[in-house]
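Below: one structure, written as structure tokens.
Letters go in sequence order (proteins before strands), and every chain restarts at 1.
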Amino acid sequence: MTSAFVSSPYVAPSNSLRRLMINVIIGLVPGTIAYAWFFGPGILINIAFAVILAVAIEAAVLRLRNKPIKPHITDFSAVVAAWLFALCLPMQSPWWLIAVGIGFTMIVGKHLYGGLGFNPFNPAMVGYVVLLISFPREMTTWYLPVDVGDEVLGLSDSIAYLFGLVDPQRWDGLSSATPLDQFKTGLGQNLTVSEIRQSPLFGNIGGVGWEWIAGGWLVGGLWLLITRTIRWQIPVAVLASMSALAIIFYLIAPETTVPPLFHLFSGGIMIGAFFIATDPVTAATTDRGRIYYGILIGFLVYVIRTWGGYPDGVAFAVLLANMSVPLIDYYTQPRVYGDE
Amino acid sequence: MSTSLHRFKLHDFHGGMQLEGHKAASLTQALQRASLPDQLFLPLRQHIGEANRPLVECGQRVLRGQVIADSLSPISAPIHASSSGTVRDIAMYPIPHPSGKPDHCIIIDLDGKDEAIQQQERNLDKLTAPELIDLIGRAGVVGLGGAAFPTSAKLSRARNYGIQTLIINGAECEPYITCDDILMQTYSDEMIKGAGYLQRIFNPTKILIAIEDDKPRAIEAISHALATGPLENTILVAIPTLYPSGGEKQLVKRLTGKEIPQGQLAFDIGILSHNVGTCVAITRAIELDEALISRIVTVSGNGIRHPGNWETRLGTPVDHLIKLAGGYQLDRHDSQHLVMGGPMMGFSLPSGRVPIVKASNNILVMQQQTTPPRPGYHDECIRCGKCAEVCPAHLLPQQLYWQARAQAYEHIEKYNLFDCIECGCCSVVCPSQIPLVQYYRAAKSEIRAAKQAQFKSDRSRARFEFRQKRLLLKKQLDEERRRIKREALQKKRPQVEAADGTIDPVQAALERVKAKKQALDIKPQNTTNLTAEQQLKIEQTDARREAVRQ
């Protein structure tokens, strides 16, 4: 009568993968709403398209690999990866750009390594970086937020745009570089911080709209911390190390350096700190290791933003830190009970 | 006592979990005495250590408290008949063991008279420490917290160390189990007396009685007993309810802030700890000359009608207790899951036929549909580290799992697999619902088996090499002997004569060397001594080759 039972403990598990992933999805909601508010509902279309595609690809690959499809699909890990990926892309991305990126995310980033739990690199960042390197033009122009441009794309326009049903040139006047990009270009042209901030793109802290979106990620991140979906070490280390560098350089040359608060509320640092760097599969797994891992990411983000060839550096920073995870984990093992 | 209860400084141990206690159900009724069953099944080994040998024969009448099996090994505890009756058989019978394998048991048909053997009068004040330990040993007392290590062996060993702190462990941190709780409520005086005897043996500087703070009635009872029958230098400590604070390592850390060093015992840092139930058994052994023939067993879980605690004779079948507890909630027999011990560290029972033994603190009856659905499938580890957060040994269970899965056993030891106490916390919190502890148990037994095999093969190799050496030596000796013999013969043989009839010593020597060389040069060849036919064939082949070449 008991041969079917495994050994103890015989206590119902208190967590599930699905619960964790749903928590992450809930955490993404405030920032996503802010995004749609300032840049139009097109982002929701992109997310939906990416998610459907990712789940379909996941199901197909699982079938090819002779793995059970339902339990893997319903852990919602593909949904989270696709959602994060869609948030990284410019809003006026054509469908094929998203498809190529999701393909890389799911097939190369995740399943070629063995699926969830075995991938050394953050799958969404793999897909994103492939696009960033292969299609630099498509990946660096963004719409103006609602208060700055004349209009934002409505729902039907967004769908039409996504699938190339309209001439994209029609909206060329609405797009520009991101505030982070503008800052970089401006500083390169020897403009001062205050001169650059004259541009209507800039809000009180970061860029118009962008600062609210970053605030949304922060709120979602706090939700993840409260629900213990993630631990504090990685986000705190990422934000603290980047801020520390930003503060040091800002104090040295305040007129020719991006202000620290602008750094915190621009680009991908906030979503990166709470949602991307904290991907448990690819992050360091020891408490101490997570701090080093976070510090490394924050450091790399600042270095790439300030001296690198890209306006933002979260994706590269995360991938580089992913590579160092085995080393970090090996040297940060905790002291075992009774070990002297 | 109550003031020290608040003032005592506690320390934190890493990890642990707050689990649902489920303890109230079995505490609704007072401790009861379980009725005698018709038959007792007493396994020969109910402790850690050497198995006992039976001292009785089939058909022999035995009395309550009579020794029926014993061993000469220092790490063992004798078995006594728990009631009077006739030995029916000594045979293999299902016993409660994680392996599920049966073992030798003495089966006694009870006569219901419960006749006891003659008890001896003792002058308690005059007993020396070794005499006290001897009495405890002869009563078959083992650690009743679950490990069942022979108490006398532990005490004799501890006497080689300076024991400064005596810990009486009444934490009882596993869910459902309340046998220690009710024991402290019911037998508080005997428990304090038992602690007193340990104090007499070791003379420690302090005694700490630790009880988890979810047992207010036990705390009150012990506090009352300490007030009426005081024990010197004793502090009653209410510790926070946090699984597994009853584990020896965790309790030592909680109470003293010290850690038992890896690979050492609590003695090494001057600490001796005993379970509260063991203290009661010690008192009974010394004062009443009463052997360990019964223990308190909790019967609980959502599959039983009337949970409670029963003072049960050892050897009583679990089914008998189930009946006393009102039977199963569900009528269908196969819808029950029986566990001996708690839900975190207990093990499944093959059936209700197995007997209660010295280590049986709890019978957990669970309805099958409420046990976690754990089919063969589980998600993969996502390295979230929740397991590391709760691990009381401060291990990295996620890394252990990774190595165990890859069967990288030389690496897994570097991650301190053998410091795992199998408390089960990691398995419970794992979001991928991986039965982690099961992987560690498997890895541990694999490594133990490999070490055993290694030991065996090392020994075999050593034996083989010794044999080779011996044979070589024998050969050399034989050769030496033959040489001496040969030389002796050669001297007698007529020497090579020259043409002139005289012996040329130079020529003779040369001949000998030549012969020796020839002997050495001879190599077996398959081209010598060929028949004419073979020779012909070879020549034909050579000719053919030559033709081809041209």
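Of the two parts of B:Val339, only the side chain, counted from C-beta on, holds a non-hydrogen atom closer than 4.5 Å to a non-hydrogen atom of chain A. Heavy-atom distances place both the backbone and the side chain of A:Arg228 under 4.5 Å from chain B. Residue contact with chain B, scored on non-hydrogen atoms closer than 4.5 Å, involves the side chain of A:Leu20 exclusively. Heavy-atom distances place no part of B:Pro175 under 4.5 Å from chain A, backbone and side chain included. For a residue to count as touching a neighbouring chain, one of its non-hydrogen atoms must lie under 4.5 Å from one of that chain's; by this rule A:Arg335 touches chain B with backbone and side chain alike.
Listed here is the closest heavy atom pair of A:Val11 and B:Pro343: CG2-CB, 3.8 Å. Closest of all the heavy-atom pairs between A:Pro280 and B:Cys384 is CB-CA, 3.6 Å. Across A:Asn15 and B:Val429, no two heavy atoms sit closer than the pair ND2-O, 2.8 Å.
Between A:Phe118 and B:Trp402, the ring-plane angle classifies as tilted under the 30° and 60° cut-offs.
Heavy-atom pairs under 4.5 Å with chain A were tallied for B:Gln250, B:Arg441, B:Glu259, B:Lys249; the largest tally goes to B:Glu259. Taking B:Gly346, B:Gly385, B:Ser432, B:Ala388 one by one and counting their heavy-atom pairs under 4.5 Å with chain A, the maximum is reached by B:Gly346. Counting heavy-atom pairs closer than 4.5 Å to chain B, the top-ranked of the candidates A:Asp279, A:Ile230, A:Leu17, A:Asn119 is A:Leu17. Between chain B and the residues A:Asp329, A:Asp287, A:Asp75, the largest count of heavy-atom pairs under 4.5 Å involves A:Asp329. Contact count versus chain B (heavy atoms, under 4.5 Å) is highest, among A:Thr229, A:Thr278, A:Val336, for A:Val336. For the set B:Met17, B:Glu389, B:Lys258, B:Lys253, the entry with the most heavy-atom pairs within less than 4.5 Å of chain A is B:Glu389.
Between B:Gln262 and A:Asp339 the shortest side-chain heavy-atom distance falls below 4.5 Å. By the 4.5 Å heavy-atom criterion applied to side chains, A:Leu116 and B:Asp379 are not counted as neighbours. Under the 4.5 Å side-chain criterion, counting only non-hydrogen atoms from C-beta, B:Gln399 is not in contact with A:Gln333. At least one side-chain heavy atom of B:Arg383 sits under 4.5 Å from a side-chain heavy atom of A:Val325.
Other residues, nucleotides and ligands contribute over 12 non-hydrogen atoms within 6.0 Å of the CZ atom of B:Phe13. Heavy-atom contacts from other residues, nucleotides or ligands closer than 6.0 Å to CZ of B:Phe347 number more than 12. Enclosure of atom OH in B:Tyr440 by more than 12 non-hydrogen atoms of other residues, nucleotides or ligands within 6.0 angstrom is indicated.
Looking only at distances, no side-chain donor or acceptor of B:Gln438 sits under 3.5 Å from a matching main-chain atom of A:Pro9. The backbone N or O of A:Pro13 lies less than 3.5 Å from no partner atom in the side chain of B:Gln433, so there is not a single donor-acceptor pair. With A:Tyr337 contributing its side chain and B:Ile260 its backbone, the two residues share a donor-acceptor pair below 3.5 Å. Looking at A:Tyr10, its side chain does come within 3.5 Å of a backbone N or O of B:Ser348 through a donor-acceptor pair.
Atoms OG and CD, from A:Ser14 and B:Glu20 in turn, are 11.0 Å apart once rounded to the nearest 0.5 Å.
Heavy-atom neighbours of chain B within the stretch residues 54-63 of chain A, taken at a separation under 4.5 angstrom, are nonexistent.
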